[in-house]
Structures are given as structure tokens and as C-alpha cells.
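Not measured: the values here are computed from a predicted model. Just so it is clear: chains get the letters A, B, ... in the order the sequence lines come, proteins before strands, and each one is counted from 1.
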There are 2 protein chains.
Amino acid sequence: MVTIYDIAKQANVSAMTVSKVINNTGKISEKTRARIKKIMEEMNYVPNSMARSLVLQETKMLSLLIPDITNPFFTTVARGAEDAAMRLGYKLLFGNSDESLTKEKEYVDMVLSTRVDGVLFSAASDESAPHLQTLRTHRIPFVLLDRAVPGIDCDTVSGDSREGARKLVEHLIGLGHRRIAMVNGSLAVSTARERLAGYREALKLSDIPEDDSLVLEMNYKHFTDETALRRLLTMPQPPTAVFAGNNFLAVGLIRKLLEFGVRVPEEMSVVCFDDLGASVIDPFFTVVSQPAYQFGAMGIQLLIERIKGVTTPEWKKIVLPSELIVRGSSGKPSAI
Amino acid sequence: MVTIYDIAKQANVSAMTVSKVINNTGKISEKTRARIKKIMEEMNYVPNSMARSLVLQETKMLSLLIPDITNPFFTTVARGAEDAAMRLGYKLLFGNSDESLTKEKEYVDMVLSTRVDGVLFSAASDESAPHLQTLRTHRIPFVLLDRAVPGIDCDTVSGDSREGARKLVEHLIGLGHRRIAMVNGSLAVSTARERLAGYREALKLSDIPEDDSLVLEMNYKHFTDETALRRLLTMPQPPTAVFAGNNFLAVGLIRKLLEFGVRVPEEMSVVCFDDLGASVIDPFFTVVSQPAYQFGAMGIQLLIERIKGVTTPEWKKIVLPSELIVRGSSGKPSAI
DNA sequence: CTGTTAGCGCATTCAC
DNA sequence: GTGAATGCGCTAACAG
């Protein structure tokens, strides 16, 4: 490996001079600067960022932890985060917790030993609190993304899940639905709770009685509980519409419905949170779409502001707007 | 930041003893070992991997460069790579070149200064060769993933694009198609060339004359050339089937076809390389599916073998099998 | 303008 | 069993 000393020797200067050329600090004559630069080129010199970080006490690396790298919502977040980080001179270390606390913990340990300057953190669940406490203990700044964690007060970039859910359910109610089910992620995740709250709020506002047997709790990764769905469909008064807590649940749900021969939207309307990305031929779901790219970009921006201490001491809570997009998966209830 | 010196002081031993406890090297009495471990716990000690890397001359970090983080094929690759890396004790630094050589170059520079132990590299195009030469100059081992790069001989994990393409086109021919178009990625990408070769091979084997005006070149990220498609559809003898070079091209293509009122598969069969992932409600495309997860996992495994030097000096070329999955997007040509 | 000294946190080598 | 010296590659603070 070529070091500044190799360059220095070649150029008949001290290592310090080379260092100054690299960092554009101090005063160096144009002559020697040019000479040194040329030699660096010739010798294929690349600074060792480990050594640099060690003395500077900063790595210029941020890490992004997302719970599901296969979900287009989060990959879009990742792109936004990466672009912003790159633009602001930071590298991004991705991590994928897979909605698993175990993986999340491993990842936090890694982050700690890597001494990244900050973490953009989308928590697996409320149980992630200890992990965040660990980060705090080690004075690693973090910004919570998409999901809040009870007991952790910090900077935040998220959407308004409650309002989004309400818009979606009100859309269904507006179409004439009265029996509306919800298929949700785990209630240990803040957005799932918020979406449930929004769902209830919408029902209440329209004086529709709540029926807890219409609410199914699964997880955001997969639609898991087929029997629960079957139970729903065979109720005396089955629902005419379902609100899915996220995109993947909606896909899982609709696959099952197709399997059971239930037509969408004729026999069952389906709406959900978050769009499905570029893989989809014919956008079909009525959704509340969130600006995923912005989530990532603003998260990184906020994180860097916090790292540099240029922002106010109070925690910033950025809430990004969501948008109701009505498409083919929702329609009027069939007039049986 | 807590260092081994802080621990040492607290434990009334030298820093060296602490280091030995951490690495399980040398002989330390059980007593002191236990005592030191306890103190490390209490003080929340986390080893500084920068300092460690600096002296050990290895980072235990690998990097994965993919050309499109929004494509489910590559996110699945990423999951496979991550799992394998984690399992083998390495961290993974993701990078997304966005099919752009500029971004790829920036990324390579970053990789160099980070002193990762190796790179799993999915090249943006043939023009990536200089970037790989740079890695080689700096003696950073790499494994090429999915795409070959002319002029670069190295370890490789990929699929058999030519055979996959042939299977797909033969499937179409078997259904009775004779006018078969191809919508391809850039020919500066090896898989695109291979897929084109497979397409031609299949035609030749069935004595179907080639017609270059049936072959469209775009890029793997998007279906871009709407007018070319229009030209295809208004030919005297328009194609009855299209082979798309990858999943995203197929999606773009079919969206346009829908827009133009061309029904699939009744009026046009469509087949493609690579599946579309979990976002899809009703898997519709007839595809050649590649084991993306394995691509990532085996790539990392091979890379680590190379790093450790436990493998043979000759380059290993791992070719993973692909599978033809016939679904609804392909059917017999309409009997006009 | 340029060079010297010291130290970031850790592990290898070799004494004790 | 344990510790002192040394250096990985780099830069801040100062000296010349």
C-alpha cells in the first residue's frame, strides 16, 4: 500500500507537506503542490480512511438500517438516503434487519465498532428501544425513520399514518362500505398502531360501530394468517372492504382472495398504505402513497445537521405528507 | 470513547492483557479474564474496528456493488450476499451504481479508501473494465457478479443468459410464433449480448430467418423507446411475441402495450428474464427465473475463499442454473 | 512556506 | 501469565 511517506520520499518533502496537499490545508507553493499531486497520481495513491478516521475521530460514514430490503418502499428510501449522503460527502453503510430484533442487535454492534458518525434508523419494533439506548450511551446520533419508538425522544422523519389511514377508510366509507376489515402489521410497530387508530377514527366519525373481529394482526412482511381471512369471509355479515396496513399485506391478501375466488373490487374492495414500485404492470391498488425517496433524503439531511450541531437542540419531528391515490382496487359495495 | 487503556486502568492490568482477552490469544488466568470481561461490560466497551484494521491490515468488510437497487433481482442478490457475509464474519458495504459509470467510479474510489477486503461487483457495463483494473492495481480481490466484463479475467458468479434466452424463445417457437421481437438492454452489458445470442441461436435452430428490425436496444432500467415499439407494431408483418431482456423492460413494454390497446397474450406474447418479486399480485410473466439469492450468497463465499487464499489459483467460474416458468403472458399466436 | 513531534486505538514481538 | 516497546497511516499543533 502506498502511503504519504512513499509520496513524500519521492517528492523530497516531508509527509506533512503531502498531507497538506491532500487536504488543501495550510500554505503550499503551487510548484510543490503540483509536483506532489503528479506523484500521487503516478503512484496510485489513495488515502487510507481508517487512519484518517482514527485521528480525526470521525468516519464520514453514516448507516441506514431498514427492516425489509425487498420492500420497494424501503429501497426507495435507500436511494434517497444514498443520494443525499453522497451529495453531502458521506458514505452509507446499509443494513437490513429483516424485521428481526436479533439481526437488528447484531447490526447495532457492528455500527458501534465501525464508529459511524450517525445512524438513520427504521426500527423493527417497539422492542428496539434498548438498541437505541445503546446508540445513545455511545453518543452516536440517530434519526428515527418512518417508525416511532415509545420511550425514545429524538429526531424523526415519518409520515402521518393516522391521517393516511383515515383518508383511506373514509374513501371506502364514501363509496358506501360499512363493514370494513383491517389487515395490519404487528401492533408492536408504531405505524401499525397509528394506522389502526386512523381506521377507528374514520369509523367513529361516520358512526359506524367498531367490530374487533374485523381487525387482523399479522406482520408487515407477509400475509400469514389464511384461516383468519377465511373466518372473515364466512362471517354472518362479512366485510365488503379491507384496509391493508401496508403494500405487502395487500398483495398477500389479494392473492388469497383470488385463490378463494373473491373478485376485487366487485366483491371486495382493497386499499393499502404505500405503493408497490416499478415491478407492477398495472397499478391497481388504491393507496395512500408516501414520498419514500424524501424520507431517505430528509432523514440523512437531518442526521447530518444533528451531527454537525448546526440545528436547534430540540428534536425535530419532520412529518411528510401522504397522498390518496384512487385506483381500481376499490369500488362500491355490491348491492346483494 | 472507552479504550482498552481505560479498561486496563480499571482492572489494574496493562492494555496488552485486555487486548489478549478480547482476542482470546495468549495465556491469561481465568480470574483476570473474567474480571476484565466484567469491566468491559460495565464500561460498555466496544472495540474500535478502525484501529484494529489499521494494524491488522484487514477490515473484515466486503462491498457489494449493484447496478439497480430498485430491481427485485438485485435486492434479492443483496439479501443473499448480506446473509452470507454476516455468517462468515464480514460486514457488507452496499453500493448502488444506478447503471451509471460515473457513480460506479465514485464508488470504487470510496471502496479503495475504505480498504475493504474484497468487492462483489456487478458491472454497469463493459466500460467498467478500468474500474476493475483499478481494483486489481490495488490488489483488492473481486468477484464479478451476473455480468462479465471483456478483458477482465477473474472469479465469476453468473447465470447462463444464452441458454436462458434460448429456452424462452424456443418456448415461443413451440407455441407457434415465427415473428419474435426482442427488447434488450444495452449491448454494452454482457448479459444483453448473451441473451441476444441465445435469441438468435433459437431462431436459427428452427430455421426462422433473422430480422434485425425486430431487435430493439434500450437499457435494463427502463423501457425508453416508445416510437421503436410503435414502429414494430405497424410493420407489414408485426411480431406476435416479444422477448424482453429483463423484468423491468417487460413491465415497461407491457404497460405500453396496454396503452396501445394490444392484449397480452391474445395479440402479443411477452416473456422475459428474471422474476418480479413479492410486489406482484398475480405472477403473470412467463420468465426464466434465476436464483438471485444464491448469486449473492455464492458470490460472497467465493470472494472470501479468494481473500483467504484457500482456493485454487485458477479463476472459478460459477454458473447457476435458470428455470423456465411458463405463465399467462405467453400463448399461441392469434390465427389472423 | 515546510518540517518535527506526538498521538488516535490497537496488536505483534519479545522480554520478564 | 503479564507487560513495555513499537508501529499501522494519518493529521493537529506548533516550530522553524
Q. Which is it for Asn12(A) and Arg35(A) under the side chain to side chain donor-acceptor pair (under 3.5 Å) test, yes or no, and what are the steps along the way?
A. CA-CA 10 Å; Asn12(A) 275 319; Arg35(A) 185 159 46 96; over 6 Å; no
Q.
Applying salt bridge (charged side-chain N to carboxylate O under 4.0 Å, His left out) to Arg87(A) and Glu106(B), what does each step give before you reach the verdict?
A. CA-CA 11 Å; Arg87(A) 189 161 34 80; Glu106(B) 284 176 24; over 6 Å; no
For residues 128-141 of chain B, dump all side-chain donor-acceptor pairs below 3.5 Å to protein atoms at least two apart in sequence or in another chain.
{"from": "Ser128(B)", "atom 1": "OG", "to": "Glu104(B)", "atom 2": "OE1", "distance (Å)": "3.4"}
{"from": "Ser128(B)", "atom 1": "OG", "to": "Glu104(B)", "atom 2": "OE2", "distance (Å)": "2.6"}
{"from": "Ser128(B)", "atom 1": "OG", "to": "Ala124(B)", "atom 2": "N", "distance (Å)": "3.3"}
{"from": "Ser128(B)", "atom 1": "OG", "to": "Ser125(B)", "atom 2": "N", "distance (Å)": "3.2"}
{"from": "Ser128(B)", "atom 1": "OG", "to": "Ser125(B)", "atom 2": "O", "distance (Å)": "2.9"}
{"from": "His131(B)", "atom 1": "ND1", "to": "Glu104(B)", "atom 2": "OE2", "distance (Å)": "2.8"}
{"from": "Thr134(B)", "atom 1": "OG1", "to": "Pro130(B)", "atom 2": "O", "distance (Å)": "2.9"}
{"from": "Arg136(B)", "atom 1": "NH1", "to": "Asp153(B)", "atom 2": "O", "distance (Å)": "3.1"}
{"from": "Arg136(B)", "atom 1": "NH2", "to": "Asp153(B)", "atom 2": "O", "distance (Å)": "2.9"}
{"from": "Thr137(B)", "atom 1": "OG1", "to": "Gln133(B)", "atom 2": "O", "distance (Å)": "2.8"}

Table please: side-chain donor-acceptor pairs of residues 72-86 of chain A below 3.5 Å, with sequence neighbours left out.
{"from": "Thr75(A)", "atom 1": "OG1", "to": "Pro72(A)", "atom 2": "O", "distance (Å)": "3.1"}
{"from": "Thr76(A)", "atom 1": "OG1", "to": "Pro72(A)", "atom 2": "O", "distance (Å)": "2.7"}
{"from": "Arg79(A)", "atom 1": "NH2", "to": "Asp98(B)", "atom 2": "OD2", "distance (Å)": "3.2"}
{"from": "Glu82(A)", "atom 1": "OE1", "to": "Asn96(B)", "atom 2": "ND2", "distance (Å)": "3.4"}
{"from": "Glu82(A)", "atom 1": "OE2", "to": "Asn96(B)", "atom 2": "N", "distance (Å)": "3.2"}
{"from": "Asp83(A)", "atom 1": "OD1", "to": "Lys103(B)", "atom 2": "NZ", "distance (Å)": "3.1"}
{"from": "Asp83(A)", "atom 1": "OD2", "to": "Tyr293(A)", "atom 2": "OH", "distance (Å)": "2.5"}

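In this structure, Lys317(B) contributes its side chain and Cys154(B) its backbone to a donor-acceptor pair below 3.5 Å. At distances below 3.5 Å, at least one donor-acceptor pair connects side-chain atoms of Ser49(B) with backbone N or O atoms of Ser113(A).
Comparing the local axis fitted to the first five base pairs of the helix from dC1(C)-dG16(D) to dC16(C)-dG1(D) with the one fitted to its last five gives a bend of 40°, rounded to 10°.
Taking every nucleotide of DNA chain C with any atom under 4.0 Å from a non-hydrogen atom of chain B, the first and last of them, 5' to 3', are dG9(C) to dT12(C).
Every ring pair (Phe, Tyr, Trp, His ring centres under 6.0 Å) that Phe94(B) has, sequence neighbours left out, goes to Phe94(A). Taking Phe142(B) as the reference, nothing meets the ring pair (Phe, Tyr, Trp, His ring centres under 6.0 Å) condition, with sequence neighbours excluded.
Looking at Lys316(A) and Asp155(A), no side-chain N of the basic residue comes within less than 4.0 Å of a carboxylate O on the acidic one, giving no salt bridge.
The minimum heavy-atom distance linking Arg306(B) with Thr312(B) is given by the pair NH1-O, 3.0 Å. Closest non-hydrogen pair, Thr59(B) versus Asp117(B), comes out as N-OD1, 2.9 Å.
Listed pair Thr3(A) / dG9(D) fails the phosphate criterion, with no side-chain N or O lying under 4.0 Å from OP1 or OP2. Listed pair Ser19(A) / dT11(D) meets the phosphate criterion, a side-chain N or O lying under 4.0 Å from OP1 or OP2.
Distance CE (Met50(A)) to P (dT11(D)): 14 Å, rounded to an integer number of Å. Atoms CD1 (Ile4(B)) and P (dT2(D)) sit 16 Å apart, rounded to a whole Å. The nearest whole Å value for the distance from the CG atom in Leu54(B) to the P atom in dG9(D) is 7 Å.
Each of Met40(B), Arg33(B), Lys38(B) was compared with Ile36(B) under the side chain to side chain contact (heavy atoms under 4.5 Å, CB included) criterion, and only Met40(B) meets it.
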Quick test: give all pairs of protein nitrogen or oxygen and nucleotides 5-7 of chain D nitrogen or oxygen below 3.5 Å, distance rounded to 0.1 Å.
none

N/O contacts under 3.5 Å, protein versus nucleotides 14-16 of chain D?
none

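Between Asp146(A) and Val157(A), every side-chain heavy-atom pair lies at or beyond the 4.5 Å cut-off.
At a non-hydrogen distance threshold of 4.0 Å, Lys27(B), Ile28(B), Ser29(B), Thr32(B) from residues 22-47 of chain B come into contact with DNA chain D.
Every pair tested for ring-ring contact (aromatic ring centres under 6.0 Å, His included) that includes a residue from residues 50-70 of chain A fails, sequence neighbours excluded, so the list is empty. Listed by first and then second residue, the ring-ring contact (aromatic ring centres under 6.0 Å, His included) pairs that reach into residues 23-42 of chain B come to none, sequence neighbours excluded. Residue pairs that meet the ring-ring contact (aromatic ring centres under 6.0 Å, His included) test with at least one member in residues 28-54 of chain B, sequence neighbours left out, do not exist here.
Closest-nucleotide positions on DNA chain D for Asn12(B) and Val2(A) were compared, and the one nearer the 5' end corresponds to Asn12(B).
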